[in-house]
J.: 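One structure follows; several queries about it will come next.
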Amino acid sequence: MAVGLPRHIAVIMDGNGRWATARGEPRIAGHREGAKSVRETVRAARELGIEALTLFAFSEQNWDRPPDEVDALMELLYRYVLEERAEIMDNQIRLTAIGALDRLPSFVRQPLFELCEASKENRGMTLCLALSYGGREDIVGAARALAADVRSGRIDPDEINEVLLDARLATASLPPLDLLIRTSGEYRISNFLLWQAAYAELYFTPRMWPEFRRPDLLEAIEAFRRRERRFGRVSAQVADEPAKRGP
Ligand code: IPE
Ligand code: IPE
Ligand code: MG
């Protein structure tokens with residue numbers, strides 16, 4: 001049975017470096033072209049009526065890359081925030097960011113926070129940038145928050161459940177993750193939304209991120225709509241009660 005549109009799509013935007021290297025260009029050329037894919041994907045998702053789009057732009061582990069590449073990525077991020085401001089505001093997009101944002105250089109953090117603040121009442125779509133993000137780090141942060149609540153007497157350890165932990169993750173304000181896309185032919189999650197991906201549909205494409213455009217997003221969504229999400233039950237139950245979501 002066909003399912004509707006995914007409410008929340010996340011993308012591991014991978015393959016920039018290999019795309020550039022294959023063309024005899026420096027890796028940064030791939031990141032630059034990848035920014036165009038970001039633009040097109042955001043626009044397409046907004047037009048389709050997707051509620052939330054989370055983009056893995058920089059992982060906590062990416063700080064270990066050569067300093068020149070890290071610097072170039074920060075510069076591109078800065079430019080993205082400046083150049084997309086009008087598009088974000090005109091299209092009623094709410095920009096948010098998750099990850100260890102205090103690790104970002106202040107020339108990026110300042111305009112980023114400013115645009116997040118300026119766009120926070122927008123209701124068209126949430127665009128969430130994962131920057132200096134790690135899925136394990138996210139879960140550790142939630143565990144720490146729960147521990148603090150226990151210590152202060154706000155909650156009892158026996159009350160801790162999935163709902164309380166989920167509410168302390170960086171993604172707490174977003175709908176449940178429905179579809180996780182990874183480009184570049186790699187079959188791994190690379191410490192992205194580990195908890196949140198529990199019942200997400202996974203979609204892998206060999207396409208490199210700089211080549212990923214609107215038709216590729218549509219294809220991923222079509223694949224999603226052909227899936228049967230059972231959440232641990234059997235087909236007959238799902239057919240009877242298609243609207244029920246997973247845990
Ligand atoms: C994804 O492309 C962008 C970031 C991780 C910032 P890569 O830079 O990982 O490109 P490949 O995987 O080396 O080709
Ligand atoms: C994941 O890609 C991080 C982002 C897309 C931002 P990586 O290229 O860093 O992942 P690995 O190293 O191939 O696992
Ligand atoms: Mg990569």
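Just so you know, these numbers come straight off a predicted model, no measurement behind them. Whatever order the structure lists ligands and atoms in, that order sets their numbers, starting from 1.
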J.: side-chain hydrogen bond (donor to acceptor under 3.5 Å, both in side chains) with Gln196: which residues, sequence neighbours excluded?
T.: Asp138, Thr171

J.: Please state whether Arg18 comes within less than 4.0 angstrom of ligand 2, counting heavy atoms only.
T.: no

J.: Among Leu127, Leu53, Leu115, Thr126, exactly one meets side chain to side chain contact (heavy atoms under 4.5 Å, CB included) together with Ile93. Which residue is that?
T.: Leu127

J.: Which of these, Arg65, Glu69, Gln61, has its nearest heavy atom closest to atom 8 (O) of ligand 1?
T.: Arg65

J.: For Tyr199 and Phe231, take the angle between the two ring planes, folded into 0 to 90°, and tell me which bin it lands in: parallel under 30, tilted 30 to 60, perpendicular over 60.
T.: tilted

J.: Taking NZ, NE, NH1 and NH2 as the nitrogens, is one of them in Glu83 or Arg85 under 4.0 Å from a carboxylate oxygen of the other?
T.: no

J.: For the pair Glu84 and Lys36, evaluate salt bridge (Lys or Arg N to Asp or Glu O under 4.0 Å) and give the outcome as yes or no after the intermediate values.
T.: CA-CA 11 Å; Glu84 295 312 296; Lys36 294 187 195 164; over 6 Å; no

J.: May I ask you to check whether over 12 heavy atoms, not counting those of Tyr80, lie within 6.0 Å of atom OH?
T.: yes

J.: Using a 6.0 Å cut-off, check whether atom CZ of Arg39 has over 12 heavy atoms from anything other than its own residue.
T.: yes

J.: Show the atoms of ligand 2 that are less than 4.0 angstrom away from any heavy atom in Arg188.
T.: 11 (P), 13 (O), 14 (O)

J.: Heavy-atom pairs closer than 4.0 Å: do any link ligand 2 to the side chain of Ala130, the backbone, both, or neither?
T.: neither

J.: Report the nearest protein non-hydrogen atom to atom 2 (O) of ligand 1: residue, atom name, distance rounded to 0.1 Å.
T.: Asn16 N, 3.2 Å

J.: Using a 4.0 Å heavy-atom cut-off, which part of Phe58 comes near ligand 2: side chain, backbone, both, or neither?
T.: backbone

J.: Testing the basics here: between Arg214 and Ala44, what is the closest heavy-atom pair and its distance to 0.1 Å?
T.: NH2-CA, 3.8 Å

J.: Can you list the atoms of ligand 2 that are under 4.0 Å from a heavy atom of Met13?
T.: 5 (C)

J.: Starting from atom 10 (O) of ligand 1, locate the nearest protein heavy atom and write down its residue, its atom name and how far away it is, to 0.1 Å.
T.: Gly17 N, 2.9 Å

J.: Using heavy atoms and a threshold below 4.0 Å, how should the contact between His31 and ligand 1 be classified: side chain, backbone, both, or neither?
T.: side chain

J.: What do you reckon, does Ser184 put a non-hydrogen atom under 4.0 Å from ligand 1?
T.: no

J.: Does the protein place a non-hydrogen atom closer than 4.0 angstrom to atom 13 (O) of ligand 2?
T.: yes

J.: So is Ala57 close enough to ligand 1, meaning a heavy atom under 4.0 angstrom away?
T.: yes

J.: Is the CZ atom of Arg213 crowded by more than 12 outside heavy atoms at less than 6.0 Å?
T.: yes

J.: N/O to N/O below 3.5 Å, does that happen between Trp19 and ligand 1?
T.: no

J.: Heavy-atom distances under 4.0 Å decide this one: backbone, side chain, both or neither, for Arg27 against ligand 1?
T.: side chain

J.: Could you tell me whether the Mg ion (ligand 3) has an N, O or S atom of Asp14 under 2.8 Å away?
T.: yes

J.: Would Thr21 and Arg27 count as having a side-chain donor-acceptor pair, cut-off 3.5 Å?
T.: no

J.: Name the closest protein heavy atom to atom 11 (P) of ligand 2, giving the residue it belongs to and the distance to 0.1 Å.
T.: Ser190 OG, 3.6 Å

J.: Tell me, yes or no, whether the heavy-atom count around Arg43 atom CZ, taken from other residues, nucleotides or ligands under 6.0 Å, exceeds 12.
T.: no

J.: Pick, from Phe192, Tyr133, Trp209, Phe56, the option with the minimum heavy-atom distance to atom 4 (C) of ligand 2.
T.: Phe56

J.: For ligand 1, indicate whether the residue Asn62 contacts it via side chain, backbone, both or neither (heavy-atom separation under 4.0 Å).
T.: side chain

